[in-house]
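Below, read A as the first sequence line, B as the second, and so on, with proteins coming before strands; counting in each chain starts at 1. A quick note: this is a predicted structure, and the numbers were derived from the prediction, not measured.
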Protein chains: 2
Amino acid sequence: MRADARDNRARILTAADEVFGQSPHASTDAVAKLAGVGIATVFRHFPTKTDLLEAVLTQRLERLRNQALTLAAGENAGRAFYTFFSQVVVESSAKLAIGDALTSAGIAAGEDARKAAAGLREAFGSLLSEAQRTGAVRGDAGLPEVYALLIGASRGATTRNVDPEVRNRMLGLVYAGLRPAA
Amino acid sequence: MRADARDNRARILTAADEVFGQSPHASTDAVAKLAGVGIATVFRHFPTKTDLLEAVLTQRLERLRNQALTLAAGENAGRAFYTFFSQVVVESSAKLAIGDALTSAGIAAGEDARKAAAGLREAFGSLLSEAQRTGAVRGDAGLPEVYALLIGASRGATTRNVDPEVRNRMLGLVYAGLRPAA
DNA sequence: CTAAATACGGAGAGTTCACTTCGCTTACAA
DNA sequence: TTGTAAGCGAAGTGAACTCTCCGTATTTAG
């Protein structure tokens, strides 16, 4: 692979991350413009628009997964769990919108994105288990519902750009439900 | 207004509710086809596609508002609060998607939809106050964060058609956070 | 029953977007 | 330095979609 080709690929991915982060319905032209390349170059690296969306989504999911794994391995998993939860809620607006665009546009998310999503879920599961072992999270909460709650809280905070203070109070309510009853 | 015109308008609204409920990116043609009218008729009643989306959204919001008001006025507001919360989460998939389509497509939601949304929020606020008065919901929870939580939970349950059992367990976690600490 | 105002629908104009073609340019090996 | 394979971008293609025009059909008042 030629050096300029690799450069352009990276520039396109970065531009796509930003453009689709703001509006997942943006045109491929917009991505090309921001990346400073021609449209054809975008399509040469990512044969369809879905491929491009998927690449962006996969990249984001993997980043989150690595963060979760690092936090789970560290000490004080309980605090780490809540930190990670808050962080995802704050940051994940774009990621979810892109996921929507994928599932609504394409038939289903592609192989790579699916694998990355499963990886994130598993890593989050590790973090949850650790947090439960230290008593920071109630033991009878299963991964499926906690994960659904994570996604939901993210979306709730996302839709309209909610006042940060309201978002924090909302997270407070969520955390009250996650902490052990006693 | 002629009788057939009124009929057609109603038929179009019903069809649009169904079509956009499944996919808010559906074309106006699809709505016309389902309603059994020509495309021009749809555009005569709703000059732009945004107008049509807005009419559908407004209608749904007003329906929810009325339900909330009825429940707030009845007895056992505590139980009613949780019932309403669950119901919105279960049903509101389409409504939220339409709202998204509006805000992403158009510049901002129109006057009618905005008013209807405010009405629903206020009605939900009444329900919340009643539930707090009877001790079913912790008193230090404000409307903004509870409403954000309602929207978030709806979205979490919506995205992928979640297993109903998982959804219920997720709601269980949310409710654990909403109930009084003591 | 009749007339005219009102409503209807299909064909088309104009736009946008994903994706392709092709002549030109650039990186890199010998 | 030079030949060539790989890469590039502008212009073009075709499909889909929103919205309009206009001749035809229907309702309804007198």
Atom pairs and distances, side-chain donor-acceptor, residues 69-78 of chain A, under 3.5 Å, sequence neighbours left out:
unit_1: T70(A); atom_1: OG1; unit_2: N66(A); atom_2: O; d: 2.9
unit_1: N76(A); atom_1: OD1; unit_2: R79(A); atom_2: N; d: 3.3

- To the nearest angstrom, the NE2-C1' distance between H25(A) and dA16(D) comes to 16 Å
- Message: Tell me which pairs pass side-chain hydrogen bond (donor to acceptor under 3.5 Å, both in side chains) where either residue lies in residues 128-137 of chain A, with sequence neighbours left out.
- Response: E130(A)-R133(A)
- Query: Less than 4.0 Å between a side-chain N and a carboxylate O, is that true for K115(A) and E111(A)?
  - Reply: no
- Message: If I take atom NE2 in residue H45(A) and atom P in nucleotide dC19(C), what distance separates them, rounded to the nearest angstrom?
- Response: 16 Å
- With heavy atoms under 4.0 Å as the rule, sort N8(B) into base, sugar-phosphate or nothing. sugar-phosphate
- Could you please name the option among dT18(D), dG7(D), dT20(C) that lies closest to any side-chain atom of F43(B)? dT18(D)
- Message: Can you measure K33(B) atom NZ to dT18(D) atom P for me and round it to whole angstrom units?
- Response: 12 Å
- With a non-hydrogen cut-off below 4.0 angstrom, is A5(B) in contact with a base, only sugar-phosphate, or nothing? sugar-phosphate
- Item | Listed partners of S86(A) passing side-chain hydrogen bond (donor to acceptor under 3.5 Å, both in side chains), at least two apart | Y175(A)
- For the side chain of R9(A) and the backbone of D4(A), is there at least one donor-acceptor N/O pair under 3.5 Å apart? no
- Task: Please report, rounded to the nearest Å, how far the P atom of dA18(C) is from the CD1 atom of I39(A).
- Result: 10 Å
- Look at the side chain of R44(B) and decide which nucleotide, out of dG7(D), dA18(C), dA7(C), has an atom nearest to it. dA7(C)
- Nucleotide nearest S27(A) (side chain, heavy atoms from C-beta), chosen from dA18(C), dG9(C), dC19(D): dA18(C)
- Note on the structure: Heavy-atom nearest nucleotide on DNA chain C taken for A26(A) and for A40(A); more 5' hit belongs to A26(A)
With the criterion being N/O to N/O and under 3.5 Å, what pairs connect the protein with nucleotides 23-30 of chain C, and how long is each?
unit_1: dT26(C); atom_1: O2; unit_2: R2(A); atom_2: NH1; d: 3.2
unit_1: dT26(C); atom_1: O2; unit_2: R2(A); atom_2: NH2; d: 3.4
unit_1: dA27(C); atom_1: O4'; unit_2: R2(A); atom_2: NH2; d: 3.4
unit_1: dC28(C); atom_1: OP1; unit_2: A3(A); atom_2: N; d: 3.2

- Task: For DNA chain D, determine which residues of residues 10-21 of chain A have any heavy atom closer than 4.0 angstrom to one of its atoms, and list them numerically.
- Result: none
- Rounding to a whole Å, what distance do you find between K49(A):NZ and dT16(C):C1'? 11 Å
- Mind jotting down which residue pairs meet the side-chain hydrogen bond (donor to acceptor under 3.5 Å, both in side chains) criterion with at least one end in residues 29-49 of chain A? Sequence neighbours excluded, please. T48(A)-D51(A)
- Query: Among dC19(D), dC8(C), dT21(C), which is the nearest nucleotide to the side chain of T41(B)?
  - Reply: dC8(C)
